[in-house]
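I have placed the structure first, in the form of structure tokens, so that the comments after it can refer back to it.
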Amino acid sequence: MKKMKFFVGALVMVAMAFASCKNEGKNPPVITNPDDSTEVVLEEAPVLDNPGTGKVTVAVRVPRNTTNGVCIIGSMNGWSEADAITSGRMALVEGTETWYAITLDYAADASFKFLPILKDKEGNDYLTWSVEWTNACVYGSEAWSKDNLKFSADGVVDYFDIQAWSADPSIVFADAGTYKFVYIPVEGDVLPEGTVMFTGNFKDQSWGDSRRSMTLVDGKYEWEGEVPSYFSFKVFVLGAGENVQWPNESDNIVFSNDLVKDGVVSFSKYTFAPKEETPAE
């Protein structure tokens, strides 16, 4: 009897090890839900039927904070947010919570990305590049990248994965208009020599070309002016020889309605002092 119990126990251990090896490398590691400290288990890819010749089905796993759905945007709809919100709207795959799919005409040279659906103050759906993916990859590859995606072949199902969105898709953007932006340097941070510039997704200049200089007032940097709808922003320092030095933090600040207090937006997100390298063990 003892031998039988030992044999059964060994089989269980082997089965557990086999299951662990089978899943290793197929999915990104378990991520933490930004809303709380509980772990979120990522869903496996659903099995979808091939669409047939001349078509391709695109399936994507989205972050769990994708509250309003997702659209595919690319050469198939002219990279137009207005077109993609209808022609590129993907359907939630039955039996899943985070997988969406759409079947499209196949084109060998097509390229595309995914954008989460947002809602304005009136509850209308829209897309904006102010909220996009941070990285994406072919499902299971873990080759995360910001590059455009491609179809793999005609008549197949292509599976993709989105690592995270640049901002929570439930965000409500502040209206376009005139505001005062106040950058408060982090205590102890040392800014490089030069002029602190305010920048964002302005239509007249690219991010690094902005010359909206901020004025130093009582240890804070201020800029007041008009910003567009669906605005995101950050600061940089313009040094000698038009040298642009970006802050250590790469992500932009999304201009949400809750950031505005009596027309003023104060922020302290960015630092410039070189980060100390952790010595190798």
Side-chain angles (χ1 to χ4, degrees), residues 19 22-34 39-119 125-129 131-170:
K22 182 179 181 180
N23 290 330
E24 185 176 357
K26 186 173 183 180
N27 293 317
V30 173
I31 61 174
T32 299
N33 187 328
E39 287 188 339
V40 177
V41 178
L42 300 177
E43 290 185 305
E44 295 285 341
V47 178
L48 302 177
D49 294 334
N50 289 338
T53 304
K55 298 287 185 179
V56 60
T57 294
V58 177
V60 62
R61 180 171 62 184
V62 299
R64 287 188 178 272
N65 64 348
T66 310
T67 53
N68 305 311
V70 65
C71 292
I72 185 171
I73 182 170
S75 54
M76 69 285 297
N77 44 39
W79 294 98
S80 165
E81 299 99 301
D83 288 344
I85 194 67
T86 53
S87 65
R89 187 181 292 258
M90 304 180 74
L92 183 66
V93 176
E94 185 177 358
T96 76
E97 297 179 351
T98 58
W99 279 94
Y100 286 78
I102 188 172
T103 298
L104 303 165
D105 292 333
Y106 173 75
D109 59 349
S111 61
F112 56 90
K113 288 188 172 184
F114 303 102
L115 288 177
I117 298 172
L118 281 70
K119 288 186 179 292
D125 294 344
Y126 72 95
L127 303 174
T128 173
W129 289 104
V131 182
E132 58 177 325
W133 72 39
T134 57
N135 283 299
C137 70
V138 173
Y139 174 72
S141 72
E142 298 191 37
W144 300 106
S145 171
K146 295 181 183 296
D147 295 340
N148 297 341
L149 299 171
K150 298 278 190 179
F151 299 142
S152 66
D154 184 4
V156 301
V157 180
D158 283 334
Y159 295 87
F160 299 97
D161 205 357
I162 295 173
Q163 192 173 40
W165 300 118
S166 60
D168 191 328
S170 64

* Nearest 0.5 Å, what's the OG1-CD distance between T98 and E43? -> 3.5 Å
* To do: Have a look at K55 and tell me which of T103, D105, D154 forms a side-chain hydrogen bond (donor to acceptor under 3.5 Å, both in side chains) with it.
  => D105
* Do you know which two heavy atoms are closest between W99 and E44, and how far apart they sit? -> NE1-O, 3.1 Å
* Nearest heavy atoms of P63 and A164, plus distance in Å -> CG-CA, 3.7 Å
* Asked: Rounded to the nearest 0.5 Å, what separation is found between the CD atom of E142 and the CG atom of N135?
  -> 12.0 Å
* Asked: Does some side-chain heavy atom of V131 sit less than 4.5 Å from a side-chain heavy atom of L115?
  -> no
* To do: Answer yes if the side chains of S166 and T134 hold a donor-acceptor pair under 3.5 Å, and no otherwise.
  => no
* **N/O donor-acceptor pair under 3.5 Å between Y139 side chain and A45 backbone** => yes
* Structure fact -> Between the OG1 atom in T128 and the CD1 atom in I117, the distance rounded to the nearest 0.5 Å is 13.5 Å
* **4.5 Å side-chain heavy-atom contact, I162 and R61** => no
* **Mutual orientation of the aromatic rings belonging to F151 and Y106 [parallel < 30°, tilted 30-60°, perpendicular > 60°]** => tilted
* In Å, rounded to the nearest 0.5 Å, how long is the span from CD of Q163 to SG of C137? -> 8.0 Å
* Kindly indicate whether the side chain of I72, heavy atoms from C-beta on, has any atom under 4.5 Å from the side chain of L104. => yes
* Take T57 and N50 through the test side-chain contact (heavy atoms from CB on, under 4.5 Å) and record every step on the way to the result. => CA-CA 7 Å; T57 294; N50 289 338; over 6 Å; no
* Got D125 and R89 here, is their nearest side-chain heavy-atom distance under 4.5 Å? -> yes
* Is it true that W133 and F160 have ring centroids separated by less than 6.0 Å? -> no
* Do the side chains of F112 and N77 get nearer than 4.5 Å, heavy atoms only? -> no
* Would you give the length of the straight line joining atom CG of L127 to atom CZ of F114, rounded to the nearest 0.5 angstrom? => 13.0 Å
* To do: Indicate yes or no: at least one non-hydrogen side-chain atom of C71 is less than 4.5 angstrom from one of I73.
  => no
* Asked: Do R64 side-chain atoms and E97 backbone N/O form a donor-acceptor pair below 3.5 Å?
  -> no
* To do: Considering non-hydrogen atoms only, spot the tightest contact between V56 and D158 and give its length.
  => CG2-OD2, 3.8 Å
* Asked: W79 versus S111: any side-chain heavy-atom pair under 4.5 Å?
  -> yes
* Asked: What is the minimum heavy-atom distance between K119 and N68, and which atoms define it?
  -> CE-OD1, 3.7 Å
* **Which atom of V70 lies closest to which atom of W165, heavy atoms considered** => CG2-CH2, 4.0 Å
* Minimum heavy-atom distance between A101 and V93, given as atom pair plus value -> CB-CG2, 3.8 Å
* Answer yes or no: is there a side-chain heavy-atom contact under 4.5 Å between S170 and N65? => no
